[in-house]
Amino acid sequence: MTLQRLARPLTLVLLSAVVLYPLVWMLGSSFKSQEEVLNNMAILPNVWTPGNYAAGWSNFDVSFGRFFVNSAVVAGLTVVANCVSCLLAAYAFARLKFKLRGFWFAIMIGTLLLPGHVLIVPQFVMFKTFGWVGGDWPYAPLIVPQLLATEAFFVFLMVQFMRGVPRELDEAAIIDGCTPFGVFRHVILPLSRPALVSTAIFSFIWTWNDFFRQLVYLSDLEKYTAPVALTLFIDSSGQSSVGPMFAMSVLSLAPVFLFFVAFQRLLVEGINTSGLKG
C-alpha cells in the first residue's frame, strides 16, 4: 500500500526532473567559462563565472536591455491586438447570424492545418510592397496582421467559451434595449475574462519566444528582439561566446516564466471553461 502511494509522486518527480534538467543545466552553464562549458557536462561549474551576465549585457554596440524593450513592445502590442480582434471575430461566429457563417468558420478552422512557414514568402512579398519591411517601424509585419484576427486558435478558443454562455442573457439584454454591440459590451465582454486571459498568456509567450518571423523582418540591430539578438553571440566563423549567451538566455526566459507563474491559475480556468478539456 505504501509503494502504491509513493508511485505517483515519485513518477511526477522523475518526469519533472527530466523536463527541468535542460533549464537547470543552462542556468548552471551561464556561470561557466568558455572552456568549462565545452568540457564540463555537470550542472554546477567548478569555477563560478558571474561575469558572463555583465559581458552578455554589454557585449554589443547596443545594450541587451534594448532588445528586451523591443521584445516587450512587440509582445505587448501583439497581446492587445489578438485579444481585441479575436474577441470580436469570435463574437460574430458564436452569437451573430449571417450568411455562410458555418462555411467561413470552417475556413477559419482549416487555417490551423496550414504551417505558418508556408505563408512567410507571400506575406514577405506583400509587406514589402506595402513598404513595411525595412521601414521606419519594422514591427508592422509582426503586429498589424494580428489586428485582423489571423490567429485561428484564439478565435476557436473564444468561440468555444461563448457557446457556453446562456443565450438567455443575450435575449434579456435585447429586451432591455441593447443592440448586438450592446450585448457584446455588457454581457459577453465581462464574461469572457477567462478566455481573454488565456489568449493574452499564450500570445505573450508565443510572441516573446518567436524567432523565425522576427528574424525575417528585422534587419536593424537596434530593432532586434531578444530571441534574434541571441544569435549575435555566434560570429561568422562559427565561434561563439557560450557563457554570455547562456546568461542572456536565462534572462530571456525570466519574463515568460514570471508571466506564466503569475497567471497560471487564470490560464487553467480559461482552458477548462473554453471546451478544450482532455
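Any value given below was found using the heavy atoms of this structure, including those in side chains, with hydrogens, waters and symmetry copies removed.
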Pairs touching [range] that satisfy side-chain hydrogen bond (donor to acceptor under 3.5 Å, both in side chains), sequence neighbours left out:
{"range": "residues 121-132", "result": "none"}
{"range": "residues 202-211", "result": "Asn82-Ser203"}
{"range": "residues 171-183", "result": "none"}

Answer whether the closest heavy-atom distance between the side chains of [X] and [Y] falls below 4.5 Å.
{"X": "Leu191", "Y": "Leu169", "result": "yes"}
{"X": "Phe161", "Y": "Ser198", "result": "no"}
{"X": "Phe246", "Y": "Phe31", "result": "no"}
{"X": "Phe67", "Y": "Ser252", "result": "no"}
{"X": "Leu230", "Y": "Ser249", "result": "yes"}
{"X": "Val216", "Y": "Phe212", "result": "yes"}
{"X": "Ile201", "Y": "Val79", "result": "no"}
{"X": "Pro138", "Y": "Val133", "result": "no"}

When the side chains of residues 16-27 are checked against the rest of the protein, which donor-acceptor pairs come out under 3.5 Å, sequence neighbours left out?
unit_1: Ser16; atom_1: OG; unit_2: Leu12; atom_2: O; d: 2.8
unit_1: Trp25; atom_1: NE1; unit_2: Met41; atom_2: O; d: 3.2

Interatomic spacing from [atom1] in [X] to [atom2] in [Y] - rounded to 0.5 Å:
{"X": "Asn46", "Y": "Asn40", "atom1": "CG", "atom2": "CG", "answer": "4.5 Å"}
{"X": "Ile188", "Y": "Met158", "atom1": "CD1", "atom2": "CE", "answer": "12.0 Å"}
{"X": "Tyr217", "Y": "Phe127", "atom1": "OH", "atom2": "CZ", "answer": "5.0 Å"}
{"X": "Ile120", "Y": "Arg213", "atom1": "CD1", "atom2": "CZ", "answer": "6.0 Å"}
{"X": "Phe153", "Y": "Ile109", "atom1": "CZ", "atom2": "CD1", "answer": "10.5 Å"}
{"X": "Leu87", "Y": "Leu157", "atom1": "CG", "atom2": "CG", "answer": "11.0 Å"}

Side-chain heavy atoms nearer than 4.5 Å, only ILVMFWY residues, links allowed to pass through others: does that put [X] and [Y] together?
{"X": "Leu100", "Y": "Val155", "result": "yes"}
{"X": "Leu119", "Y": "Leu147", "result": "no"}
{"X": "Val125", "Y": "Phe130", "result": "no"}
{"X": "Val84", "Y": "Phe181", "result": "yes"}
{"X": "Phe64", "Y": "Val73", "result": "yes"}

Heavy-atom closest contact ([X] atom, [Y] atom, distance):
{"X": "Val183", "Y": "Ala173", "value": "CG2-CB, 4.0 Å"}
{"X": "Ala149", "Y": "Ala89", "value": "CB-CB, 3.9 Å"}
{"X": "Ala94", "Y": "Met162", "value": "CB-CB, 3.7 Å"}
{"X": "Ile43", "Y": "Lys32", "value": "O-CE, 3.7 Å"}

Give me each pair satisfying ring-ring contact (aromatic ring centres under 6.0 Å, His included) with a member in residues 83-104, each pair once, sequence neighbours excluded.
Tyr91-Phe184, Phe93-Phe105
Counting distance only, does the side-chain N/O of [X] pair as donor-acceptor with the main-chain N or O of [Y] below 3.5 Å?
{"X": "Asn39", "Y": "Glu35", "result": "yes"}
{"X": "Ser29", "Y": "Val37", "result": "no"}
{"X": "Thr111", "Y": "Met108", "result": "yes"}
{"X": "Thr199", "Y": "Cys83", "result": "no"}

Please walk me through it: do Ser33 and Val47 pass side-chain contact (heavy atoms from CB on, under 4.5 Å)?
CA-CA 8 Å; Ser33 64; Val47 179; over 6 Å; no
Quick one: list whatever passes ring pair (Phe, Tyr, Trp, His ring centres under 6.0 Å) with Phe211, sequence neighbours left out.
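For Phe211, no residue satisfies ring pair (Phe, Tyr, Trp, His ring centres under 6.0 Å) once neighbours in sequence are set aside.
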Using ring pair (Phe, Tyr, Trp, His ring centres under 6.0 Å) as the criterion, list what pairs up with Phe259, not counting sequence neighbours.
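In terms of ring pair (Phe, Tyr, Trp, His ring centres under 6.0 Å), with neighbours along the sequence ignored, Phe259 is linked to Phe204, Phe263.
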Residue pair Gln214, Thr225: steps toward the side-chain hydrogen bond (donor to acceptor under 3.5 Å, both in side chains) verdict:
CA-CA 7 Å; Gln214 296 173 7; Thr225 56; 2.3 Å; yes
Co-members of the apolar cluster containing Val261 [side chain, <4.5 Å]
Phe257, Leu258
Does anything in residues 141-167 pair up under salt bridge (charged side-chain N to carboxylate O under 4.0 Å, His left out), and if so which pairs, sequence neighbours excluded?
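Passing the test, one end in residues 141-167: no pairs.
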Would you check, one step at a time, whether the test side-chain contact (heavy atoms from CB on, under 4.5 Å) holds for Phe154 with Val159?
CA-CA 9 Å; Phe154 298 135; Val159 167; over 6 Å; no
List in chain and number order the residues that pass side chain to side chain donor-acceptor pair (under 3.5 Å) with Tyr139, two or more places apart in sequence or in another chain; answer none if no residue qualifies.
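Result, side chain to side chain donor-acceptor pair (under 3.5 Å) vs Tyr139: Asn70.
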Only distances under 3.5 Å count here; give the side-chain donor-acceptor pairs of residues 53-61 to other protein atoms, sequence neighbours excluded, each with its distance to 0.1 Å.
unit_1: Tyr53; atom_1: OH; unit_2: Ser30; atom_2: OG; d: 2.8
unit_1: Trp57; atom_1: NE1; unit_2: Ser63; atom_2: OG; d: 3.1
unit_1: Ser58; atom_1: OG; unit_2: Ala54; atom_2: O; d: 3.0

Applying salt bridge (charged side-chain N to carboxylate O under 4.0 Å, His left out), can you list everything that pairs with Arg95, at least two apart in sequence or on another chain?
Asp170
